[in-house]
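Start at 1 with the first residue, then count along the sequence.
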Amino acid sequence: MARLDRAMTTGCLILLVALIVVFGTVLGVLWYWSWHTDKINAEHRQQALLAFDDQLRRTKNETIRALGDAGPADPDALTAVIHQHTGAPVISYDASRDVFRARVAKRAEYKTRTLFGIGQDVIVRCLEYTYAPAKCHDWASAMSILMNDTCGPSVSIGNGAHIAGQRVAALEAAELNRAGVRRALAPYRRFLTVGTITRTGSTVKISVAVSEGTSRQCYRITRDGSQVLSVPAQTCPGLTAANTAR
């Protein structure tokens, strides 16, 4: 009986040691895999950040060149140039200082490794581009990175302008008048206000103010046939206090 007890004790000890070795090996492998994956993900994020920042700088410089090519122009035309290159839904103009400020949220996705395979993560930046005329028809520019929630109104205004463009695109040609446009945008009157509507041949231009909280941005929606273009502007014909977007 004593021999049996000793044998069972020895067997239990061997089994316990084996389990400890197995669990230790598994934990070691998992720790190494986690460390290696975090290292790879950090490298991917750094590479994505460098590429993202380079893209943002190129956007700033391309906008400067486009503004220089535009020559002397009114604020609405220059606002359209800035929007074309930056994609900013909110662009304000300080006439006293002759300065444009474009606020936009930008994002870049990059691949990551996870326990279950390949995943994705995202880098988000809230940016404010500043553009002002300089000497010899050149332009000076600066780019600031703001807190992400600062771009909340800008994102909402961009979404509102997109909705307005979609609603205008869905109208029949006979409905492209003030009454028809107001009726189409009525469900969104909380943040969309219709100004003037002008028609030149088949082209219809609609002035709309898009609001979010205390921010407000004018938009010119142009429809030519089935093509619709929504562009920020500094003036909203038919509306007062047109552009207070910040």
Side-chain angles (χ1 to χ4, degrees), residues 41-67 75-76 78-112 119-134 139-166 188 190-193 208-221 229-234 236 241-246:
N41 288 342
E43 291 174 355
H44 286 177
R45 181 175 179 83
Q46 184 61 28
Q47 292 169 0
L49 275 170
L50 292 174
F52 191 32
D53 290 341
D54 183 60
Q55 176 189 349
L56 298 179
R57 284 191 293 270
R58 287 202 309 270
T59 295
K60 183 188 74 169
N61 295 333
E62 288 169 0
T63 308
I64 289 175
R65 287 194 292 270
L67 288 169
D76 282 342
L78 296 175
T79 297
V81 172
I82 294 171
H83 173 71
Q84 178 184 356
H85 290 273
T86 65
V90 170
I91 303 173
S92 64
Y93 175 62
D94 185 345
S96 64
R97 300 175 59 191
D98 200 14
V99 173
F100 293 87
R101 289 186 174 86
R103 187 168 293 180
V104 58
K106 293 287 188 179
R107 54 184 288 145
E109 295 181 348
Y110 64 96
K111 291 183 179 180
T112 60
Q120 277 192 331
D121 205 347
V122 62
I123 300 170
V124 179
R125 290 282 186 271
C126 177
L127 304 171
E128 184 169 86
Y129 292 103
T130 302
Y131 297 98
W139 285 75
S141 177
M143 182 181 71
S144 303
I145 300 177
L146 311 177
M147 297 293 291
N148 286 343
D149 58 359
T150 308
C151 272
S154 175
V155 173
S156 296
I157 286 174
N159 291 338
H162 181 68
I163 290 172
Q166 285 184 320
Y188 311 96
R190 181 182 63 82
F191 56 87
L192 295 178
T193 307
V208 175
V210 187
S211 304
E212 173 60 28
T214 59
S215 298
R216 196 178 187 210
Q217 176 72 54
C218 289
Y219 267 81
R220 300 283 175 82
I221 300 177
L229 182 65
S230 299
V231 178
Q234 299 304 320
C236 268
N243 186 13
T244 58
R246 289 294 305 137

L127 vs L146 side-chain heavy atoms within contact, under 4.5 Å: no
Separation of L56 CG from N61 CG (nearest 0.5 Å): 11.0 Å
Sidechain-backbone polar pair: Q217 side chain, I91 backbone, donor-acceptor under 3.5 Å: yes
Side-chain touch C236/V208, heavy atoms, less than 4.5 angstrom: no
Audit row: L192, V210, side chain to side chain contact (heavy atoms under 4.5 Å, CB included) steps and yes/no: CA-CA 5 Å; L192 295 178; V210 187; 3.7 Å; yes
Spatial distance of atom CD1 (I82) from atom OG1 (T130) [nearest 0.5 Å]: 9.5 Å
Between F100 and Y131, ring centroids under 6.0 Å: no
Set of side chain to side chain donor-acceptor pair (under 3.5 Å) partners for D149, sequence neighbours left out: none
D54 bridged to R58 by N-O distance under 4.0 Å: yes
Rounded distance [0.5 Å steps], CG in L78 versus CG in L67: 6.0 Å
T86 versus A102, closest heavy-atom pair with distance: OG1-CB, 4.4 Å
Closest heavy-atom pair and its distance - T79, P232: CG2-O, 3.4 Å
Student check: side-chain heavy atoms of T150 and R103 closer than 4.5 Å: yes
Over all atoms of both residues, closest heavy-atom pair of S211 and I157: C-CG1, 4.4 Å
Heavy-atom check, side chain of P89 versus side chain of V104, under 4.5 Å: yes
Main-chain N/O of Q234 paired with D76 side-chain donor or acceptor, under 3.5 Å: yes
Side-chain touch N159/F191, heavy atoms, less than 4.5 angstrom: no
Salt bridge present between R107 and E109 (N-O < 4.0 angstrom): yes
Over all atoms of both residues, closest heavy-atom pair of S230 and A161: OG-O, 3.9 Å
Aromatic plane relationship, H83 with Y219 - under 30° parallel, 30 to 60° tilted, over 60° perpendicular: perpendicular
Euclidean distance, Q55 CD relative to R125 CZ, rounded to 0.5 Å: 12.0 Å
Inter-residue atom distance K60.NZ - Y129.OH, 0.5 Å rounding: 8.5 Å
Test item: Y93 and V99 side chains (from C-beta on) under 4.5 Å apart, heavy atoms: no
Spacing of K106 atom NZ and T59 atom OG1 [to the nearest 0.5 Å]: 6.0 Å
